[in-house]
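Working notes, beginning with the structure itself.
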Amino acid sequence: MLKDITLGQYYPGDTLVHRLDPRTKLILTLIYIAALFTAIVYAGYALVVLFLAVSILISRIRLRNILSGLKPLIVIVLITGILNLFYTKGEHLLVHFWRISIYWEGVETAVFMALRIMLLIAGTLLLTYTTSPLQLTDGLESLLNPLKKIHVPVHELAMMMSIALRFIPTLIEETDKIMSAQRARGADFETGGLIAKAKAMLPLLIPLFVSAFRRADELATAMESRCYHGGEGRTRMKQLSMALRDWIALAAGVLLLALVILFRRLGI
Amino acid sequence: MTPVLQTVRLTHRYSEGTPFERVALDSVDFSAQRGEFIAVIGHTGSGKSTFIQHLNGLLKPSSGTVLFDGKDIHSSKEFTRQVRFRVGLLFQYPEYQLFEETVYRDIAFGPKNMKLKDDEVDERVREAAGFVGLGEEILEKSPFDLSGGQKRRVAIAGVIAMRPEVLILDEPTAGLDPGGREELMENILRYHDGGKRTVIYITHSMEDAARTAQRIVVFNHGHIAMDGTPGEVFRRGFELIQMGIIVPQITRVMMRLRELGLDVDDGVYSVEQAMAALRETKGGGDHA
């Protein structure tokens with residue numbers, strides 16, 4: 001069933017990681033990514049992995065869920081790894097046959113690159129697993145607020161994002177329903193070649209688009225009739241506020257980055 | 001006689017194997033004979049919509065079987081496909097499934113999928129359109145230009161054009177005005193054709209169910225809680241109310257009279273029956 005696809009993939013919980021302010025988590029994720037790309041040596045990587053592992057442990061998100069989130073990337077990780085393996089030149093030759101030579105440095109780079117991609121995704125997965133999409137957009141809006149000075153429509157962008165997120169489950173449900181209805185009339189979405197399949201999607205896509213536009217129209221009317229006119233002077237029901245735990249978490253993040261930079265300088 | 005549709009210990013779980021697992025149907029045994037006219041009632045989430053989607057093989061049971069003419073619907077892919085055409089299923093708000101450029105082509109979608117010859121398709125489309133009262137001039141229009149009620153008729157014609165032996169409808173009258181409701185119920189009755197075809201429909205309108213159906217099946221928490229003639233079902237009005245089902249007003253009046261100590265038959269569901277029941281009691285009682 002389509003319903004089983006996880007989108008937005010938020011796993012509700014009540015751990016320290018869940019309770020952190022979304023802004024803290026966004027900034028922490030950025031710091032984490034910066035640290036990840038600064039790390040070039042073993043100690044640095046170890047530190048980044050440790051940071052992620054501790055965060056995952058606290059959040060009580062099961063490792064299985066993180067791994068299943070990584071699954072779609074297997075191909076990219078493999079390709080990156082293999083390319084790096086063959087194209088990195090170095091001093092310590094390991095294997096040489098025909099026109100291919102593999103150096104020890106190549107193995108190292110390949111492993112690190114693959115690791116880097118996986119850590120990058122795992123970190124961002126943790127963010128979306130522990131932060132509801134609405135919190136996330138609230139956090140983004142608040143962080144991007146300074147951009148309003150240079151006329152970036154921050155509120156509008158955030159509103160668009162929350163509406164889009166809000167309608168994903170609705171549209172999935174709708175897709176499911178239309179699909180069933182057409183299958184009840186003998187539509188066949190599974191068999192046939194690429195072109196036949198694409199053609200078979202029409203009875204699904206057209207009603208879906210029609211209904212998406214209808215919903216958009218209705219929502220716009222509903223918002224206007226409640227006097228929505230953009231972000232000017234709007235207050236929030238849920239105010240974001242930074243607590244002590246947020247500052248501590250941020251401090252931990254800054255410490256991580258500082259240590260990784262230090263290790264890089266020292267080259268250990 | 002082999003029932004046209006039968007379920008044996010039909011169980012369905014949504015999102016099996018995930019933390020969101022939920023049992024929608026729990027060991028449901030049901031059978032429908034050819035020619036029956038059955039109303040299915042139950043409050044939201046009682047499993048009735050899940051149930052009817054099993055009857056034409058759209059959903060696969062988690063356990064248990066669904067039989068059409070005594071044969072397992074999922075015995076082969078080919079048979080499942082055949083059953084889809086022989087058991088027509090009309091969803092709630094079916095007007096949202098229309099997609100073709102013209103009404104004609106939309107109605108023809110089902111028959112074309114049946115791989116019928118062009119002239120046969122043409123005959124069926126015109127017949128189905130006429131059946132639901134759509135004029136020739138509408139056939140070449142875009143379905144998106146029609147009114148809500150007309151769109152619904154097009155959707156119904158799209159199912160009827162497959163000439164299913166069993167017609168299943170999920171709240172066909174929802175969102176229609178009283179006139180449209182009346183017409184639609186008449187169409188469905190006419191399709192039933194005095195018992196030549198089988199009709200099963202979900203409804204929230206107890207008045208509709210009481211008036212048209214020969215048999216009412218009540219769903220509650222994924223089980224069949226009651227199954228019988230309207231009289232039998234409405235006699236248990238108190239239980240129905242506990243299941244969150246609104247019984248016909250006249251039945252409530254009779255229930256209240258009974259509570260007040262008047263010995264009347266409370267299995268009635270029409271004003272005429274109520275009058276007859278009251279007359280009967282009048283002889284003995286001095287309240288009336």
Side-chain angles (χ1 to χ4, degrees), chain A residues 1-14 60-62 64-65 68-69 129 167 169-192 196-218, chain B residues 12-22 49-50 52-53 55-60 77 80-101 105-116 142-144 151 155 158-162 164 168-170:
Chain A
M1 282 280 268
L2 269 171
K3 271 180 210 152
D4 299 333
I5 297 176
T6 49
L7 264 167
Q9 67 240 120
Y10 171 57
Y11 288 89
D14 193 26
R60 298 224 188 109
I61 296 285
R62 272 185 246 150
R64 190 159 52 104
N65 294 330
S68 71
Y129 280 175
F167 276 100
T170 315
L171 285 180
I172 288 183
E173 208 172 284
E174 189 102 0
T175 311
D176 232 19
K177 236 177 85 183
I178 297 171
M179 232 168 154
S180 301
Q182 307 299 26
R183 270 166 49 206
R185 291 205 282 165
D188 184 358
F189 296 108
E190 279 107 33
T191 51
K197 264 189 188 162
K199 254 187 165 171
M201 291 309 269
L202 278 182
L204 169 64
L205 289 179
I206 293 173
L208 195 61
F209 270 98
V210 172
S211 106
F213 281 118
R214 184 175 45 83
R215 277 179 201 285
D217 229 21
E218 282 169 6
Chain B
H12 192 85
R13 294 182 207 92
Y14 278 117
S15 313
E16 226 174 343
T18 71
F20 307 106
E21 182 172 319
R22 194 169 57 81
S49 288
T50 311
I52 59 162
Q53 286 184 58
L55 297 182
N56 75 341
L58 276 180
L59 289 179
K60 235 183 179 162
K77 266 208 161 145
T80 314
R81 215 175 138 70
Q82 256 186 46
V83 169
R84 297 249 168 94
F85 298 127
R86 294 169 71 179
V87 180
L89 176 59
L90 192 78
F91 278 83
Q92 231 174 334
Y93 297 102
E95 52 273 29
Y96 297 143
Q97 76 192 31
L98 303 177
F99 69 98
E100 273 287 9
E101 280 163 55
R105 287 172 59 174
D106 211 289
I107 300 177
F109 183 67
K112 275 207 176 125
N113 282 329
M114 295 168 83
K115 308 254 160 12
L116 296 172
S142 160
F144 300 107
K151 277 188 202 168
V159 174
I160 284 180
M162 302 190 300
I168 304 179
L169 311 104
D170 191 348

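- Put simply, the side chain of A:Pro207 reaches to within 4.5 Å of the side chain of B:Phe99, judged on heavy atoms.
- Without hydrogens or angle criteria, B:Arg81 side chain to A:Gly186 main chain gives a donor-acceptor distance under 3.5 Å.
- Contact of B:Phe109 with chain A is made through backbone and side chain together, with heavy-atom distances under 4.5 Å.
- No more than 12 heavy atoms of other residues, nucleotides or ligands lie within 6.0 Å of CD in B:Glu101, so this atom counts as exposed by the packing criterion.
- Residue B:Tyr96 touches chain A through both its backbone and its side chain, counting heavy-atom pairs closer than 4.5 Å.
- Annotation: A:Phe209, atom CZ; neighbour count of heavy atoms from other residues, nucleotides and ligands within 6.0 Å does not exceed 12.
- For A:Ser180, the parts lying near chain B are the backbone and the side chain together; criterion is any non-hydrogen pair under 4.5 Å.
- Residue A:Arg185 forms a side-chain contact (heavy atoms from CB on, under 4.5 Å) with just one option from B:Asp106, B:Ile107, B:Leu90, and that option is B:Asp106.
- Counting heavy-atom pairs closer than 4.5 Å to chain A, the top residue among B:Met162, B:Gln97, B:Lys112 is B:Gln97.
- Atom-to-atom distance recorded for A:Ile206:CD1 and B:Glu100:CD is 7.0 Å, nearest 0.5 angstrom.
- Side-chain atoms of A:Gln182 and B:Asn113, non-hydrogen and from C-beta on, never get closer than 4.5 Å to each other.
- In this structure, A:Arg60 places its CZ atom where only 12 or fewer heavy-atom neighbours from other residues, nucleotides or ligands lie under 6.0 Å away.
- Of all heavy-atom pairs between B:Arg84 and A:Arg183, the closest is CD-O, 3.4 Å.
- Residue with the most contacts toward chain A among B:Val87, B:Leu98, B:Leu89, B:Val83: B:Leu98 (heavy-atom pairs, distance under 4.5 Å).
- Interface residue B:Gln53: only side-chain heavy atoms are found under 4.5 Å from chain A.
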